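This structure is a prediction, so every number in the text was calculated from the model and none was measured. Within every chain, numbering begins at 1; the chains are lettered A, B, ... in the order of the sequence lines, protein sequences first and strands thereafter.
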Protein chains: 2
Amino acid sequence: MNSLTERSPVSVWNFPKLEKCPEILKPAISRRLALLIIGDCSVVYSGRASSTLDWGERLVLVKSDGSVVVHRREGYEPVNWQPPGCIFDTSIQPDGLLRIRAIRPSSRESLDIRFRGVFLIVELNLIDRGGFLLYASEEDMKRAIVACPSLIEDGFRPTMEEKRQPSGFIDVFGLDRNGNPLIVEIKKGPVRREAVFQLARYVSKMREGNPEVRGMVIAPSLGKGTMKLLETLKLEFRQLSPKTCLEALQKERRTRESALSHRFDASSD
Amino acid sequence: MNSLTERSPVSVWNFPKLEKCPEILKPAISRRLALLIIGDCSVVYSGRASSTLDWGERLVLVKSDGSVVVHRREGYEPVNWQPPGCIFDTSIQPDGLLRIRAIRPSSRESLDIRFRGVFLIVELNLIDRGGFLLYASEEDMKRAIVACPSLIEDGFRPTMEEKRQPSGFIDVFGLDRNGNPLIVEIKKGPVRREAVFQLARYVSKMREGNPEVRGMVIAPSLGKGTMKLLETLKLEFRQLSPKTCLEALQKERRTRESALSHRFDASSD
DNA sequence: GCCTAGGTCCCGTAT
DNA sequence: ATACGGGGCCTAGGC
């Protein structure tokens, strides 16, 4: 009785007959469980582009959000896939093959997987509430610069983040110690030519109104020809790594917290 | 006896004891098989960035090329991963947990997966020689334009593909019916502002030497403000979809093949 | 829906 | 090795 109510994180079918597979797959999909199908299949994709994949043994992972990945023996990336939002149709074809069709109505795409043999089906009922934290992203660098503007230079006062411009977005915008506008473009990796052009676009637009506008790239390093390019375009570079930013941010937070606790100490007097 | 030599595409362990797992995983990795581990795990990533993922039930796929993906219940993308090139270390820790460490020497990155419970291990010995073909990429469009230059306009003669410029690459370069240089930028989706700026860079460089240089964007459609932008920069647009290109290319190929077979017919006379 | 820009992007290719 | 640009990129955020 308890076993009836108890969740099983995995249910396994070993070498199921093709004609039995829809009976396994359909209920799992409607119960919004994830499915793993390992077998000999071929795949046709049609949508933004088209592709065909001939017969071979692969692993197919279908998730409850309607995403699909087809993995081959090697390679980090799936050979075929669909992002979330698919509806599924599983059936046995007239020729006896198992067909799984994933259709994405939003972008009129379809993935057509045909199996001529299935080695394993795993129904997955996974519980996963674990938090995910990512450090040292460009977003972290931006936060650090806003919290500690002296990372850029003394006297810098940021006024806006993610400033929307007709020519695009600006990461951080502010005024330098002399009151001149300073546009900051942040990169967490080596600066490429393209990033410089991106900044140049923003800056040249703003220099039309005020030739004193400065543009600065913040990054851990510069790509090959980018130093010269920056000079030509009268843009600046300040070396700053994600790690440095993170440390500055954490230090600033500690300072703020201790200031806060002091206030509490004082108020509790 | 036959069973000893026969390959099994999948070998399954149901709820293996943690301490047994290294005995399963290590030989599989050294035999260069792929592995699927489903269980309750936590993950720490450290490298270009850092991340932590708290306990939860997930699916881990380790391939023989040294790539890893960790999939949660939902989402197309893995929550943690490593591209090919990892070496693996599996062990039971002093606290009794199973630890799988993937280290990428080339970029000094590491993925540290700890399991406190394993539901399923699948050893995968997949045979997959199926060919993969992708149609209608930007590359296909380029090929089509070079094979059928009239797709651009009558009298166009391409002279170079992938022309290297100090300012970057040019998709297709050639001369129009009047002998004026024509720079072609191909996009397979709607044209964005950035693509226009990219083309503008090439063209303005070349117009310094010859003001008659033309620049043209080839794409199935234009993004919002891009028509006006093209006009301002004196650039042109020709609508052409990947599908049209593909059809033209296939037609051209058929024509060429039939011409070839005619030649054979003639020579066999 | 479209547009914009980041990503531990990954990937191939050329230098 | 690094640099560059594509990708069925995907994803998040804004409009």
Side-chain angles (χ1 to χ4, degrees), chain A residues 43 45-51 67-69 75-85 104 106-111 132 134-142 161-171 185-195 197-198 201 221-226 242, chain B residues 43-51 67-70 75-85 102 104 106-111 132 134-142 162 164-165 167-171 185-195 198 221-226 242:
Chain A
V43 188
Y45 156 72
S46 175
R48 286 159 288 182
S50 317
S51 72
S67 61
V68 193
V69 288
Y76 155 78
E77 291 183 323
V79 59
N80 279 114
W81 72 90
Q82 278 297 319
R104 261 189 117 206
S106 59
S107 53
R108 278 193 283 284
E109 295 201 289
S110 76
L111 203 55
F132 178 71
L134 180 65
Y135 307 93
S137 62
E138 189 176 309
E139 190 56 38
D140 286 318
M141 290 181 75
K142 193 192 297 176
E161 302 171 61
E162 291 273 303
K163 193 173 167 38
R164 215 177 210 318
Q165 290 293 109
S167 48
F169 284 89
I170 287 174
D171 285 337
E185 174 75 30
I186 304 168
K187 290 291 160 207
K188 73 183 179 56
V191 179
R192 295 185 186 194
R193 193 187 300 275
E194 220 175 282
F197 285 119
Q198 193 177 331
R201 257 167 34 215
S221 62
L222 282 178
K224 202 182 49 171
T226 38
Chain B
V43 187
V44 173
Y45 156 71
S46 174
R48 287 160 287 182
S50 319
S51 73
S67 60
V68 194
V69 289
V70 181
Y76 156 79
E77 291 184 323
V79 59
N80 281 113
W81 73 91
Q82 278 297 312
R104 262 189 116 206
S106 59
S107 54
R108 276 195 281 285
E109 295 202 288
S110 75
L111 204 55
F132 177 72
L134 180 65
Y135 307 92
S137 61
E138 193 175 303
E139 190 57 37
D140 285 316
M141 292 181 74
K142 193 192 297 177
E162 292 272 305
R164 220 185 199 313
Q165 291 293 108
S167 46
F169 284 89
I170 286 175
D171 285 336
E185 172 78 28
I186 302 168
K187 290 290 159 207
K188 71 181 177 56
V191 179
R192 297 181 185 194
R193 196 185 298 276
E194 219 176 281
Q198 195 175 327
S221 62
L222 283 177
K224 201 182 46 175
T226 41

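For A:Asp171 and C:dG6, the CG to P distance is 6 Å, given to the nearest whole Å. Here D:dT2 presents its C1' atom at 14 Å from CG of A:Leu222, a figure rounded to the nearest Å. Separating the CD atom of B:Glu77 from the P atom of C:dC10 is a distance of 11 Å, rounded to the nearest angstrom. With rounding to whole Å, A:Tyr135 atom OH is found 23 Å from C:dG6 atom P. The separation between A:Glu185 atom CD and C:dA5 atom P is 9 Å, rounded to whole Å. Per the geometry, CG belonging to B:Asn80 stands 10 Å off P belonging to C:dT8, to the nearest Å. Look at NZ on B:Lys224: it is 17 Å from P on C:dG1, rounded to the nearest Å.
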Please report the C-alpha distance between A:Tyr45 and A:Gln82 in whole Å, then the side-chain angles of each, then the deciding distance to 0.1 Å, and finally whether the side-chain hydrogen bond (donor to acceptor under 3.5 Å, both in side chains) criterion is met. CA-CA 9 Å; A:Tyr45 156 72; A:Gln82 278 297 319; 5.3 Å; no

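Comparing C:dT4, C:dG6, D:dC10 against the side chain of A:Phe169 picks out C:dT4 as the nearest. Closest to the side chain of A:Lys187, from the set D:dG8, D:dA3, C:dG6, is C:dG6. Distances from the side chain of A:Pro83 to the nucleotides C:dG6, D:dC10, C:dT8 place D:dC10 closest. Nearest to the side-chain atoms of A:Arg201 among the listed nucleotides C:dT8, C:dA5, C:dG7 stands C:dA5.
Mapped onto DNA chain D by nearest heavy atom, A:Pro84 and A:Trp81 fall at different nucleotides, with A:Trp81 at the one closer to the 5' end.
Nucleic acid contact class of A:Glu194 (heavy atoms, under 4.0 Å, all strands): sugar-phosphate only. Within the 4.0 angstrom heavy-atom criterion, no nucleotide atom of any strand lies near A:Lys142. Using a 4.0 Å heavy-atom criterion, one finds that B:Gly223 contacts the sugar-phosphate atoms exclusively. Counting non-hydrogen atoms under 4.0 angstrom, A:Ser50 reaches nothing in the nucleic acid.
Expressed to the nearest 0.5 Å, how far CZ of A:Arg201 lies from CD of A:Gln198 amounts to 6.0 Å. Rounding to the nearest 0.5 Å places CE of B:Met141 at 9.5 Å from CG of B:Asp171.
Under the Watson-Crick or G-U wobble criterion, with both distances below 3.5 Å, D:dG8 has no partner in any strand shown.
Ring-base stacking between B:Tyr45 and C:dT8 is satisfied, the centre separation being under 5.5 Å and the plane angle under 30°.
Comparing the same atom, P, in C:dA5 and in D:dG8 gives a spacing of 22 Å after rounding to whole Å.
A donor-acceptor contact under 3.5 Å is formed by the side chain of A:Arg192 with the base of D:dG5.
Put simply, the side chain of B:Asn80 never gets that close to the backbone of B:Val70: no donor and acceptor are under 3.5 Å apart. In terms of modelled atom types and a separation under 3.5 Å, the side chain of A:Glu109 and the main chain of A:Arg48 share a donor-acceptor contact.
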